[in-house]
Amino acid sequence: MDGLGRRGPGRPRPPRPLKPPYRPESPLATGTEPQQNTGGVRTGTRAAIAAPHLRTDRWWLAPAVTAAGLFAFVVYSTWRAFANADYYAAPYVSPFYSPCLAENCRTMRAGPNADLFGGWWGISPAIIILIFPLGFRLTCYYYRKAYYRAFWASPPACAVAEPHRTYTGETRFPLILQNVHRYFFYAALLVAGVLTYDTVLAFRDTHYRWGHMGLGTLVFVANIALIWAYTLSCHSCRHIVGGKLKHFSKHPVRYRAWQFVGRLNARHMQLAWASLLSVALADFYVYLVASGVFDDPRFF
């Protein structure tokens, strides 16, 4: 600038003073907003949007489908868990009943029988073991997102306000118990190991002779592959494999394992649903064979 305040040639223009950001007419802009605090996202500190949301797509479809799918599985698994029947047809045992830890279990030759609870356990033995895979899935990071949105509307979908007055996340009882997920992961590894053993036993015929394969064998192989893929894609597994490493170059084996688990983790949602469906189909297949609906087709 010269003495008259004129900008000389080649000199940069001085910065202009900042203006308040433009805001369209809204209750907060005009000062006419209702003086009430309904809690949650409807507070004076949040964006003053009169509409519940501005989404025009079918945002409700995903949580509705999720709720229907989870509800159907809960109904089916509850029926099968308390049925206490039609869960073993040599050489197949339902994944809902394996391992069988009570005296009232069906006798399975070389199967996962372990009479740890004795004769006092009078109800279905499936109740003993299902708590572990159920706890693993119930506390799973993906399933938490799924049923929080589907059943609790917390929130219903992205950019859709939740209807609750307050939000405490997972800092209070009972949701603070979700932190036990890492321990359920270890239990899920043991259950997956037992189901792998059951899959090996599926390569027998009805007379327990080895070297045979039926349609049920293929069902069990597909199920255990998805069970392991879902279990290993868990966020806790990824952290255990390489989460505490400071130098990947010093731990090449763990680094490769971490990369592998990371690729699985990217498909955690798909694997969660695929394994949920496969374990239900494996149980249903055993039910059909055990109840005499049809005989297991044998390939060799």
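- Side chains of Ile176 and Asn179 form a contact here, defined as non-hydrogen atoms less than 4.5 Å apart.
- When the side chains of ILVMFWY residues are joined at heavy-atom separations under 4.5 Å, either directly or via intervening members, Ile227 and Leu281 end up in two distinct hydrophobic clusters.
- Between the side chains of Tyr142 and Trp273, at least one donor N or O sits under 3.5 Å from an acceptor N or O.
- Nearest approach of Cys158 to Arg55, heavy atoms of both residues: O-NH1, 2.6 Å.
- Cluster membership check: Val293 shares its hydrophobic cluster with Phe96, using side-chain heavy-atom separations under 4.5 Å among Ile, Leu, Val, Met, Phe, Trp and Tyr.
- In this structure the side chain of Tyr230 reaches within 4.5 angstrom of the side chain of Arg137, judged on heavy atoms.
- By the 4.5 Å heavy-atom criterion applied to side chains, Leu130 and Ser77 are not counted as neighbours.
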Exercise for review: Check the pair Tyr141, His235 against ring-ring contact (aromatic ring centres under 6.0 Å, His included), reporting the backbone distance first and the verdict last.
Suggested key: CA-CA 8 Å; Tyr141 289 103; His235 296 75; 5.0 Å; yes

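- Among all heavy-atom pairs drawn from Val191 and Pro133, the shortest one is CG2-CD, 4.3 Å.
- In this structure a side-chain-to-backbone donor-acceptor pair under 3.5 Å is present from Arg254 to Val241.
- Atom CH2 in Trp152 sits 10.5 Å away from atom CZ in Arg144 (nearest 0.5 Å).
- For the pair Leu175 and Tyr148, the minimum side-chain heavy-atom distance is below 4.5 Å.
- The shortest distance between side-chain heavy atoms of Ile240 and Phe185 falls below 4.5 Å.
- Smallest separation of non-hydrogen atoms from Phe136 and Thr139: O-OG1, 3.5 Å.
- For the residue pair Arg109 / Tyr208, no side-chain donor-acceptor distance below 3.5 Å is found, with atom types taken as modelled.
- Cluster membership check: Leu195 does not share its hydrophobic cluster with Leu190, using side-chain heavy-atom separations under 4.5 Å among Ile, Leu, Val, Met, Phe, Trp and Tyr.
- When side chains are defined from C-beta on, Ile127 counts as touching Trp121, because their heavy atoms get closer than 4.5 Å.
- Hydrophobic clustering (side-chain heavy atoms under 4.5 Å, transitive across Ile, Leu, Val, Met, Phe, Trp, Tyr) keeps Ile131 apart from Val194.
- In this structure, the separation between CZ on Arg204 and OH on Tyr92 is 10.5 Å, given to the nearest 0.5 Å.
- Under the 3.5 Å distance criterion, with hydrogens and angles disregarded, no donor-acceptor pair is assigned to the side chains of Ser275 and Trp228.
- Between the CG atom of Leu226 and the CG atom of Leu277 there is a distance of 9.0 Å, given to the nearest 0.5 Å.
- Asp198 and Ser98 share a side-chain donor-acceptor pair at under 3.5 Å.
- The hydrophobic cluster containing Trp60 also includes Trp59, Leu61, Val65, Val160, under a criterion of side-chain heavy atoms closer than 4.5 Å among ILVMFWY residues, counted directly or through chains of members.
- With rounding to the nearest 0.5 Å, the separation of CG in Leu201 from OG1 in Thr196 is 11.0 Å.
- The main-chain N or O of Ser94 is never found under 3.5 Å from a side-chain atom of Arg80 such that the two would form a donor-acceptor pair.
- Residues Gly214 and Asp296 share a closest heavy-atom pair of CA-OD2, 3.8 Å.
- In this structure, the separation between CG on Asn84 and CG on Asn104 is 5.5 Å, given to the nearest 0.5 Å.
- Relative orientation of the Tyr97 and Tyr87 rings is parallel, given thresholds of 30° and 60° on the angle between their planes.
- A distance below 2.5 Å between sulfur gamma atoms is not met by Cys234 and Cys140.
- In this structure a side-chain-to-backbone donor-acceptor pair under 3.5 Å is present from Asn223 to Val279.
- Pro63 and Pro156 get closest at one heavy-atom pair: CG-O, 3.6 Å.
- In this structure, the side chain of Ser124 engages the main chain of Ala81 through a donor-acceptor pair within 3.5 Å.
- When the shell of 6.0 Å around CZ of Arg298 is examined, it contains more than 12 heavy atoms from other residues, nucleotides or ligands.
- Taking the six-membered ring where tryptophan is involved, the planes of Tyr76 and Trp79 are perpendicular, since the angle between them exceeds 60° and thus also 30°.
- Atom CZ of Phe248 has more than 12 neighbouring heavy atoms from other residues, nucleotides or ligands inside a 6.0 Å radius.
- A distance of 6.0 Å or more separates the ring centres of His212 and Phe300.
- The heavy-atom pair separating Cys100 from Met108 by the smallest distance is CB-CE, 3.9 Å.
- Taking CD1 of Ile224 as the reference point, atom OG1 of Thr231 lies at 8.0 Å (rounded to 0.5 Å).
- Annotation: side chain of Phe220 is in contact with side chain of Val286 (closest heavy-atom distance under 4.5 Å).
- In this structure, Leu245 and Tyr255 have side chains that are not in contact, with every pair of non-hydrogen atoms separated by 4.5 Å or more.
- At a threshold of 4.5 Å between side-chain heavy atoms, the hydrophobic network of Ile, Leu, Val, Met, Phe, Trp and Tyr places Phe71 and Tyr143 in two separate groups.
- Under a cut-off of 6.0 angstrom, the local environment of CZ in Phe284 is sparse, with at most 12 non-hydrogen atoms contributed by other residues, nucleotides or ligands.
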